[in-house]
Amino acid sequence: MLIAKQRIIWLLVLLLHTISFGIGVELTATPSPVSEGGSLTLTCSVTGNSSVFASFNYEDGRSIGIGQLSGGQCLDGSTAQPCNQQCNCTTDGKSFSVTISSVTRSWDKARIRCLVANPTATYSDIIVVSVINPPTGTLIVAPSGTQSVLTGTQVTLQCQVGGGNPLATLTWQCKGSPVTGQDLTNTTTAVSSLTFTVDSTYHQQQCVCTAGHQASPNGQFGTVSVAFNILYAPTVETFAIHYTSPFYKGDNVYIDCKIDGGNPLATLSWTCVDQSKETSTNMDTKGRAVSRLTITSITEVYNSRQCTCTATHLALSPSLTKSAVITVYCKYYVHVGLSPSLTKSTVITVYYPPSTPALAVDTTNGGTLPWLDRPTFTGILTCTTTAGNPPTTRISWYNNGVIDPGQSAITRRFDPPDKDYNGHTFTCRADNNYTDTKDTSVVSNGLVLDIEYDPIITLDKSTAYINESQSFSRPCSAEGNPSPAVSWYRDTTLVQSHGTLQFSRTDRQDSGTYTCTATARSTNGNILLQSTKLFNVIIRYGPDVSLVITNTTENTTNVHVVCTANGVPDQYTYRWTHMFGSTVIRDTFDQVTSSGSVSTLSIPRMTYEDMGTYVCEVDNGFRGRDGEVVQKRQGFLSVQGSPKIIGAHGKYVAEKDNIFDINITYVSFSAPVNTTILRPDSTLPPQSELSITVSSVPVTVAFYNKDVPVDGYMVNLHFSKFESKHRGHYRLYVRNIFDDRDYNFEIIISGRPEPPLKLVISQITSHSAVVSWNPGNDHDNAETFTLTYQEHNGLSTTYVTLDRTTTAFTIEQLLPSTQYDVSVFAVNDDGTSEALSGAFVTPQESSNTGVALISVGSAMILLSLFVFAVTLFMLRRGRLPYTKQRETNKSSLTRKTDRQVETGGFGQQGYEDLNLEQIEPPTLYDEVSNNALDNYNNAAGQESNTYEDLQRKSEANPYADIPPKPGTGLDRLYVNTSID
């Protein structure tokens, strides 16, 4: 019953789809705008008359939901189930709502309206749904990264991000403080530009662009930044030369030039006297440029000479210069003119540094190079030197020129060797008091470590999602000592012998785990050095679809059609369609359960209307091998059931002695194995009188109210000449492999009734007369009698309609001494008989009559004979009242029965006026299942083959199109006429 109501509502929606718009109906959305993932309630409010339902639809007609008010209860119109949280209605029919529990961004800008019956179909105005959702693009800034800019330069930065509703809000911060940019936002992209002039305060600072959006966590979609490396000049005031004087001949002289600040630091250079003795050393420190000029064993040549330090910088113009004047003193003075000379001797102590250390690999306690980065391996370096004076020697180790902390022994152990030291240069240094005083050092030769280790693999990401049929490549690189070879494996199978995993056209079979393998062989012991890194390839493709359909029989319960999908990803959308041939029977179903890779269509109770092709369409958003997003599979569900009579009558009317054909159509799933015509109460006529044929014919049946052409069968009964003995009851018997079916029908003889017989006028008095007759043959079709009488040559005729049981009638209120004309004819559904006519004269009221009256009477008799002759002539010409007819609908006929008499003057109608609006035509079911046929069937002990047997007890037969019987008496009405 709920399903029937639901169909009625849908039919009403379709019929009223385009009647009116926007009058008395208001559609609102709450909240507006709505956040993505939030709940949205659509409310359809009615003014004026109330409504029993509201249909919510997209502008293109797709349904969103239906709220239905039934018996004071609010139902979900799409399921005919009581509303829970998904819909609501007020009991006065003024407000209906549906709720979408989780709104996706696909709802953004959706155009929606609602439809109510108020009392005509009325649409609301269209509203546009606004869904708040974050940007879909990537937040970018240009230029990006670290920018090297000369101080005083004007810089322009532009930040943008596309998508979202509303668009993102872009703000700037430079050096930690907010700044205002220029808004260049367009309809689809948020854009902000920031222009400013940089100075030294921007050095190693950032400008950060922040995209804010209310749909993002904490209101922030993301940030992107630009760093600055500001190029600026050093501080001129700090430019200076430092040295300690005086200088003594033979000493090594050190002069330092410095200048603070600047980015980058200034470049310092020296110009002095003798370049063969001079070296300059860069000794920059943080924030200070320092250059040391060393003059080896200075001589008197340098006395009073000038050494110049020049500072250059791209932000300085011209360069800066500083000069120093050198004074050189001799250590010994010779006095001349003394004789004899004085001498003085002394013991001289000479201090000197240790010898230059010799650095070597200790092959006795360790291993020769190359070393292995293995826990079981130890490498040792040895530093050998000869002591100087004083003899106390200190050893220190250096790694790439940087002190190696905690190492002061003559040996440096690597236990085990670390790959991070590979390629590093190690030195050792020997120091004593001499090197300290002279600020010098004695350093060994450099020794470069050769450490072999397992390769280090570089692979971007660990998983790739690829659409089927696309090309794909992923490089894998590795560095190591020795240099490794890179290859790709799937399980243990080599798939690429080089460093790039490539697919020219991906296939779903390519999904799996791949291993990037880097291998090398140690030169020390031929040890395998190997590293691996896993990489997952996930191919996304449209699903392969399979459909399981099991043929069944009528009335089988809980039949399932199962659709299985296999694709990646495994989130599917299923759509079911029921078709027969090219006709779509259904595309919505009440009992479909979809979970993961399986969707099941359940049919609670099977009927032949469930037969047909079932199409399962599946998509997961990705194309299959055929290039289509939607993948489908279809199969035919065959339903076997009992035969169905679709074109037949319960009673057939034949004309006697004429050729007569009866065609009965039926369908049978499966094909019939036996079709027989029986006669329950007697034997069938011989083939010479009745031929029976069965042939295949195309017929139309209804599958869920959709007309569908199917293969049917027609049984033809051909009577070459229908005789009285042929009338009676017949039975059609049809059997297939599933069941059988009986259909009972009756054939009767019908025709226009024969005229009444033996008209007798008796008991004539001056005011009355009795008219009687014998009925003629009515040909099995109930008849009535119509009696007419009028004064001879009178202008009005009186009609009396009598039922079939009445064969005599008393005419009253006659005039004395008056001649009357009388006629009687029979009427049935097939027409009107010829009339049986007569005449009589009423006597005088008094028996005392004179000669004059006799004479007058004689004249009247002569006149009557003349009128009678004229009447017979007109009767032959069809001019009497009962011969003038007009066609009308048989259901419009109303007769007077039970001796109801109507009289009228000239031009009046003899029948009552017909009220056509109150006359309903008989339904098809009434005709097929008439009581007489039912009584006969029940009395004969046979199963009635009305449409109730086809399980349509409350509906008319939707297949049989039984036309009204032509030529019945109900086709005609008689019109009063009068003789002029």
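Predicted, not measured: the structure shown is a model, and the values here were computed from it. Numbers here simply count residues along the sequence, with the first being 1.
Ionic pairing of R633 and D544 is not present here: no N-O contact between side-chain nitrogen and carboxylate oxygen is shorter than 4.0 angstrom.
Taking the side chain to side chain contact (heavy atoms under 4.5 Å, CB included) definition, one finds that T676 meets it with N674, L678, Y733, sequence neighbours left out. Under the side chain to side chain contact (heavy atoms under 4.5 Å, CB included) criterion, P698 pairs with no residue, sequence neighbours left out.
For Y541 and F622, the gap between ring centers reaches or exceeds 6.0 Å.
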H718 vs I659, side chain to side chain contact (heavy atoms under 4.5 Å, CB included): CA-CA, chis, key distance, verdict: CA-CA 8 Å; H718 175 75; I659 296 173; 3.4 Å; yes
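Annotation for L27 and F56: closest pair CD1-CE2, 3.8 Å, computed over non-hydrogen atoms.
Taking the side chain as every heavy atom from C-beta outward, C114 and F96 never approach each other to under 4.5 Å.
The aromatic rings of F660 and F722 stand perpendicular to each other, their planes meeting at an angle above 60°, with 30° marking the opposite boundary. Between Y743 and F745, the ring planes are parallel. Angles under 30° get that label, and only those over 60° would be called perpendicular.
Between the side chains of T41 and T99, at least one donor N or O sits under 3.5 Å from an acceptor N or O. Under 3.5 Å, the side chains of Y572 and S599 contain no donor-acceptor pair of N or O atoms.
For the side-chain contact (heavy atoms from CB on, under 4.5 Å) with R113, the qualifying choice from I64, L42, I126 is I126, the only one to do so. The only option from S97, S95, S50 that meets the side-chain contact (heavy atoms from CB on, under 4.5 Å) definition with T90 turns out to be S95.
When atom types are taken as modelled, the side chain of S642 and the backbone of D740 share no donor-acceptor pair closer than 3.5 angstrom.
The SG atoms of C89 and C74 lie less than 2.5 Å from each other.
Contacts classified as disulfide (SG to SG under 2.5 Å) and involving residues 541-635 (residues at least two apart or in different chains) are given here: C563-C616.
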